[in-house]
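Each chain gets a letter, A, B and so on, in the order the sequences are listed, and its residues count up from 1.
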Protein chains: 2
Amino acid sequence: MRPRGSTKGEQTRQAILGHALGLATTVGFEGLTIGRLAEELGMSKSGLIGHFRTKEALQVQVLEAASQRFVEEVIRPALKTPRGEPRLRALFAAFFTWESSPSLPGGCPFIAAASELDDRPGPVRDALVGILRDWFDLLAGTVRIAIDEGHFRADVDPAQFAHDVYGVMLAYHHGSRLFQDPHARARAEAAFEALLRNARREPATPLSPR
Amino acid sequence: MRPRGSTKGEQTRQAILGHALGLATTVGFEGLTIGRLAEELGMSKSGLIGHFRTKEALQVQVLEAASQRFVEEVIRPALKTPRGEPRLRALFAAFFTWESSPSLPGGCPFIAAASELDDRPGPVRDALVGILRDWFDLLAGTVRIAIDEGHFRADVDPAQFAHDVYGVMLAYHHGSRLFQDPHARARAEAAFEALLRNARREPATPLSPR
DNA sequence: CCTACCGATCGGTAGG
DNA sequence: CCTACCGATCGGTAGG
């Protein structure tokens, strides 16, 4: 077991991970080179990689550090809100705070990494999939609670709802970053409200024969 | 003007672009190196890059070639279907054929490239944004026709609808590739049907006082 | 944590 | 279209 206290080495390691996380959101996990990281942090390449042994281990630890921050900044605060729909709203809102954090210039690191890693099997991809699965399960679980609380209809599919919310977040990421669409946030809110409305009201009843 | 007939050089150029497109879907546009491309095609690096002068020009032309294929394989067939909702369904269905084409092992090249390029201003990104804008406009225009035809309510927002459909496609790409979710296609269909249902039926009327 | 170094690969050019 | 080559950078190691 490697000690993870507040030793000098551990502080340096955390500083590297924090900087690497922000860099990864803009240049990707492959673009996260040891040389560039070392230069920006004012250390030598060997001094830097000595904390992680390999670039792959660095990448995994960057994802783990990001996951810890996500839990602290997005999930934990939302869990303080009332169960069910209010909590779902809190999680959704917290995502935008996270996505626009100044320390994540390229936005959500998990979304930024997804397309890059989906074709590259290995520990880095596995770490990302695990993090996103946990996020999915949390969303679906929150929807299930909303059903139990009577906020949503009993026949709402929690996994489908989580998938739909995820799609809204992805579209926001693309809209705000690639297209630089000033209405991206409003579009995401409108899509989310439509999802809530569908989950709340009675099942569709055809208004006219087809 | 460079001739683009069926000369020997032009044939070689097209062969390079076709192979590069498939490769880019898995390794990304940065991972598309001249050396690897040359080796896989059995040519020298200089012989290959001579057709394009720079890697950036190659990347732009790969995107242009992909766009041409997208028009031929997705848009043109869908335009033969009846206007309005049927055409919207045809565009949606054709996207999945495109996304799972054997010559695009990593799926839709535009989605694959989006996260990679959103932080890198330049001609390659500009080309991608142009292609995706056209796609958006086509979707929104098709929705507008569906309103005119009376398939959808008059107060449906075409741009919002296009955004929502785009989100469903993004979620499908992630679900099927990163998560390898066997239900990804079914989830996408369910999400799309819900969008159509919302566009078809009367505006929400609260069923109970809040 | 450093300097010094390794082989491999990068995009691209010179010259033919 | 080729061979031969350029300087830069890659991840990583040896040795301290």
With distance as the sole criterion, is a donor-acceptor pair present between the side chains of A:Gln14 and A:Glu10 under 3.5 Å?
yes
Side chain of B:Arg153, backbone of B:Arg200: donor and acceptor closer than 3.5 Å?
no
Between the side chains of B:Asp137 and B:Arg144, is the shortest nitrogen-to-carboxylate-oxygen separation below 4.0 Å, so that they form an ion pair?
no
Watson-Crick and G-U pairing of DNA chain C, under 3.5 Å, as dot-bracket with | and [ ]
||||||||||||||||
Rounded to whole angstrom units, what separation is found between the CD atom of A:Glu10 and the P atom of C:dC1?
11 Å
Mind checking ring-ring contact (aromatic ring centres under 6.0 Å, His included) for B:Phe92 and listing every partner two or more places apart, or none if nothing turns up?
B:Phe96, B:Phe192
Classify the ring geometry between B:Phe70 and B:Trp98 as parallel (under 30°), tilted (30 to 60°) or perpendicular (over 60°).
perpendicular
Can you tell me the distance, in whole Å, between the NZ atom of A:Lys55 and the C1' atom of D:dT13?
17 Å
Stepwise, does the salt bridge (charged side-chain N to carboxylate O under 4.0 Å, His left out) test hold for A:Glu99 with A:Arg177?
CA-CA 11 Å; A:Glu99 163 85 23; A:Arg177 311 235 157 238; 3.0 Å; yes
Please tell me whether B:Phe179 and B:His174 form a close aromatic pair, meaning their ring centres lie under 6.0 Å apart.
no
note: A:Phe52, atom CZ; C:dC1, atom C1'; distance rounded to Å ~ 14 Å
Can you list, by residue number, the residues of residues 19-49 of chain B that have a non-hydrogen atom closer than 4.0 angstrom to DNA chain D?
B:Met43, B:Ser44, B:Ser46, B:Gly47
Under a 3.5 Å threshold, yes or no: a donor from one side chain and an acceptor from the other, between B:Ser103 and B:Arg69?
yes
